[in-house]
Amino acid sequence: MFKQMLFIIKRKLLNIYMKLYPVSAARRLGVKIGLNCRLIKVNFGTEPYLITLGNHVSATRTTFITHDGATWCFREQFPEADLIKPITVGDNVFLGYGVIILPGVNIGNNVIIGAGAVVANDIPANCVAVGVPAKPVKTIEEYLNKNKKQFISTKAMDANTKRDYLLKHLVNTRSPFNGGL
Ligand SMILES: CC(C)(COP(=O)(O)OP(=O)(O)OC[C@H]1O[C@@H](n2cnc3c(N)ncnc32)[C@H](O)[C@@H]1OP(=O)(O)O)[C@@H](O)C(=O)NCCC(=O)NCCS
C-alpha cells in the first residue's frame with residue numbers, strides 16, 4: 001500500500017516536472033535534444049534514449065514509438081523477441097498536433113508534419129508531409145509562399161490584446177451567430 005502510494009506520488013511529481021521543464025525532463029529520460037526546442041505534452045515511449053531531436057524542433061502531443069509491439073503475435077515462437085529501432089528528427093522541424101512517429105523513422109531538416117499524421121517512413125528535408133502514412137505534399141518554400149500573405153503579428157501580444165485583435169480582425173462581426181446582423 002505504502003509502496004503504491006509512493007509510486008503514484010512519484011509519477012505525479014514527474015508529470016508536474018515534465019509540464020514545467022519538458023526539455024530537461026526529456027533529457028533526463030535520455031532523449032538527445034538540440035537547442036531551442038519546444039515540447040508540449042510529448043510522449044517519448046519506452047525507449048526515449050533511442051530518440052534524437054535536432055535544434056529548433058516543436059512537438060505538441062507527439063507520440064514517439066520506438067518498438068514494434070507486433071512481435072506480441074509471435075510470443076510463443078520467439079518468447080524473447082523485440083523489434084526496436086531509433087528515431088531521428090532533424091533541425092527546424094515542426095511536428096503538428098498529435099503526430100505519431102513509428103520505429104526507425106528519420107525526418108530531415110526544415111520539415112513540417114501535418115496534424116494527426118502517422119509517420120511510418122523517412123521524410124526528406126525541406127518539405128511538408130501529411131496524412132496516414134505521412135507523405136510529402138509540397139516543399140517548405142511552397143508552404144511559405146502560400147501562407148505568408150496571411151501571417152499576423154500576434155506572437156508577442158499578451159492574451160487580452162491578442163483576443164481583442166483576433167476578434168476585431170478575424171471574426172465576421174456581421175455573422176448571424178454573434179448577433180451582428
Ligand atoms: C500540414 C499543414 C502545415 C499544411 O498547411 P498548408 O500547406 O497551408 O495546407 P494546404 O491547405 O495547402 O493542404 C495541402 C493538402 O494537404 C491536406 N492537408 C493539410 N493538412 C493536413 C493534415 N494535417 N492531415 C491530412 N491532410 C492535410 C489538404 O487537405 C490539402 O489536400 P488537397 O491538396 O487534396 O486539397 C497544416 O494543415 C497543419 O496540419 N498544420 C499543423 C496544425 C497544428 O498542429 N497546430 C497545432 C500547433 S501546436
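Because the structure is a prediction, the values reported are computed rather than measured. Whatever order the structure lists them in is the order used to number ligands and atoms, beginning at 1.
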Is there a chain of hydrophobic side chains (I, L, V, M, F, W, Y, each step under 4.5 Å between heavy atoms) that links [X] to [Y]?
X: V23; Y: V89; answer: yes
X: I51; Y: L39; answer: yes
X: V42; Y: V99; answer: yes

Under 3.5 Å, is there a donor-acceptor pair between the T161 and D164 side chains?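 No, no side-chain donor-acceptor contact under 3.5 Å.
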
Could you tell me if T88 and N106 have a donor-acceptor pair between their side chains, going purely by distance under 3.5 Å?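 On atom types as modelled, these side chains qualify, holding a pair under 3.5 Å.
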
Give one line per pair: atom of ligand 1, protein atom, distance. Only N/O to N/O under 3.5 Å.
{"from": "ligand 1", "atom 1": "7 (O)", "to": "K138", "atom 2": "NZ", "distance (Å)": "2.7"}
{"from": "ligand 1", "atom 1": "8 (O)", "to": "K146", "atom 2": "NZ", "distance (Å)": "2.6"}
{"from": "ligand 1", "atom 1": "8 (O)", "to": "N147", "atom 2": "ND2", "distance (Å)": "3.1"}
{"from": "ligand 1", "atom 1": "11 (O)", "to": "K146", "atom 2": "NZ", "distance (Å)": "3.2"}
{"from": "ligand 1", "atom 1": "12 (O)", "to": "K138", "atom 2": "NZ", "distance (Å)": "2.7"}
{"from": "ligand 1", "atom 1": "12 (O)", "to": "K146", "atom 2": "NZ", "distance (Å)": "3.1"}
{"from": "ligand 1", "atom 1": "23 (N)", "to": "A115", "atom 2": "N", "distance (Å)": "3.2"}
{"from": "ligand 1", "atom 1": "23 (N)", "to": "A115", "atom 2": "O", "distance (Å)": "2.9"}
{"from": "ligand 1", "atom 1": "39 (O)", "to": "A115", "atom 2": "N", "distance (Å)": "3.0"}
{"from": "ligand 1", "atom 1": "44 (O)", "to": "Y97", "atom 2": "N", "distance (Å)": "2.7"}

Is there side-chain contact between S58 and C37, with heavy atoms separated by less than 4.5 Å?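 A side-chain contact under 4.5 Å is absent here.
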
